[in-house]
K.L.:
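I'd like to ask you about the structure that follows.
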Amino acid sequence: MNSRNRNGIVGAFVLLTILVLLFGIYFLKETVPGRKMDAYYGLFDQVSTLQVGDPVKVNGVRLGKVTSVELEGNSVKVGFQVRHGLKLSKDTELRIQNIGLMGERQLGVHLGNAPEILEPGGVLAGTLDAGIAEAMGVAGRVLVEVDSLVKTLHQVM
């Protein structure tokens with residue numbers, strides 16, 4: 001094999017490796033090159049275990065992801081992106097929903113019917129649906145109270 005053929009094979013291998021690497025990056029980031037996204041924000045009292053990168057599902061269909069979670073005053077401001085062209089009305093409901101036994105979360109968007117459309121960059125109020133993390137927190141408080149009650153009963157007896 002002459003050096004010209006060897007150089008061609010090495011060049012093709014390097015090019016193929018770069019293409020596989022780019023495909024892998026886009027696959028892992030769950031992005032599509034050239035797809036436009038619109039950014040919106042939600043204000044919540046608390047967000048529990050919601051994290052950047054968690055899915056955003058619009059009426060049950062995965063159409064975006066959470067891009068930021070920041071404390072703003074006494075509220076938590078959650079930034080999220082959805083596919084460009086999706087029209088969110090001003091009565092759209094945002095809910096942080098539990099999707100797994102280990103506390104995984106998603107941002108659920110339920111489209112409203114109001115004629116007023118929220119512009120990209122707009123802010124919606126949201127709520128947190130109780131999940132396993134909140135149930136375990138309540139269970140811990142109940143156990144502390146039961147322990148205190150048992151100790152009191154033991155002293156009375």
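Note that the structure is predicted; figures quoted are calculated from it, not measured.
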K.L.:
Any link between L86 and V61 through a network of hydrophobic side chains (Ile, Leu, Val, Met, Phe, Trp, Tyr) touching at under 4.5 Å?
P.N.:
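Yes; V61 is reachable from L86 via cluster members.
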
K.L.:
Given side chains that start at C-beta, do those of M37 and V82 come closer than 4.5 Å, heavy atoms only?
P.N.:
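They are not in side-chain contact.
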
K.L.:
Among all residues two or more places apart in sequence or in another chain, which pass the salt bridge (charged side-chain N to carboxylate O under 4.0 Å, His left out) test with K87?
P.N.:
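Once residues adjacent in sequence are excluded, K87 has no partner under the salt bridge (charged side-chain N to carboxylate O under 4.0 Å, His left out) criterion.
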
K.L.:
Indicate, with yes or no, if L128 and L71 share a hydrophobic cluster defined by side-chain heavy-atom contacts under 4.5 Å among Ile, Leu, Val, Met, Phe, Trp and Tyr.
P.N.:
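Hydrophobic grouping puts L71 with L128.
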
K.L.:
With sequence neighbours left out, what residues match H154 under side-chain contact (heavy atoms from CB on, under 4.5 Å)?
P.N.:
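H154: no side-chain contact (heavy atoms from CB on, under 4.5 Å) contacts found.
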
K.L.:
Rounded at 0.5 Å granularity, tell me how far CG in L143 sits from CG in D147.
P.N.:
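Here the interatomic distance stands at 8.5 Å.
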
K.L.:
Tell me whether V69 shares a hydrophobic cluster with Y40, the cluster being built from Ile, Leu, Val, Met, Phe, Trp, Tyr side chains joined at under 4.5 Å.
P.N.:
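Result: yes, single cluster for both.
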
K.L.:
Show which side-chain atoms of residues 50-58 pair as donor or acceptor with protein atoms under 3.5 Å away, not counting sequence neighbours.
P.N.:
from, atom 1, to, atom 2, distance (Å)
D54, OD2, Q51, N, 2.8

K.L.:
Taking salt bridge (Lys or Arg N to Asp or Glu O under 4.0 Å) as the cut-off, I'd like each qualifying pair that reaches into residues 90-104, sequence neighbours left out, listed once.
P.N.:
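Applying salt bridge (Lys or Arg N to Asp or Glu O under 4.0 Å) to every pair that reaches into residues 90-104, excluding sequence neighbours, yields R95-D129.
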
K.L.:
For N98 and R105, what are the C-alpha separation, side-chain angles and deciding distance, and is it a side-chain contact (heavy atoms from CB on, under 4.5 Å)?
P.N.:
CA-CA 5 Å; N98 190 45; R105 298 288 179 156; 4.1 Å; yes

K.L.:
Working to the nearest 0.5 Å, report the span between CG of N74 and CG of L43.
P.N.:
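Between N74 CG and L43 CG, I get 11.5 Å after rounding to 0.5 Å.
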
K.L.:
Between T17 and F13, is there a donor-acceptor pair closer than 3.5 Å when you use the side chain of the first and the backbone of the second?
P.N.:
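Present.
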
K.L.:
Show me the pairs that pass salt bridge (Lys or Arg N to Asp or Glu O under 4.0 Å) and involve residues 72-86, at least two apart or across chains.
P.N.:
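Output for this query lists E72-K77.
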
K.L.:
With the side chain counted from C-beta on, respond yes when F80 and L94 share a heavy-atom pair under 4.5 Å apart, and no when they do not.
P.N.:
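They are in contact (side-chain heavy atoms under 4.5 Å apart), so the answer is yes.
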
K.L.:
Has T67 got a side-chain atom pairing as donor or acceptor with Q81's backbone, closer than 3.5 angstrom?
P.N.:
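No; judged by distance alone, with no hydrogens or angles, the pair does not exist.
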
K.L.:
Show me the side-chain donor-acceptor pairs of residues 107-124 shorter than 3.5 Å, one per line, residues at least two apart or across chains.
P.N.:
none

K.L.:
Are V20 and V10 grouped together when hydrophobic residues (ILVMFWY) are joined by side-chain heavy atoms under 4.5 angstrom apart?
P.N.:
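No: no chain of side-chain contacts under 4.5 Å links V20 to V10.
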
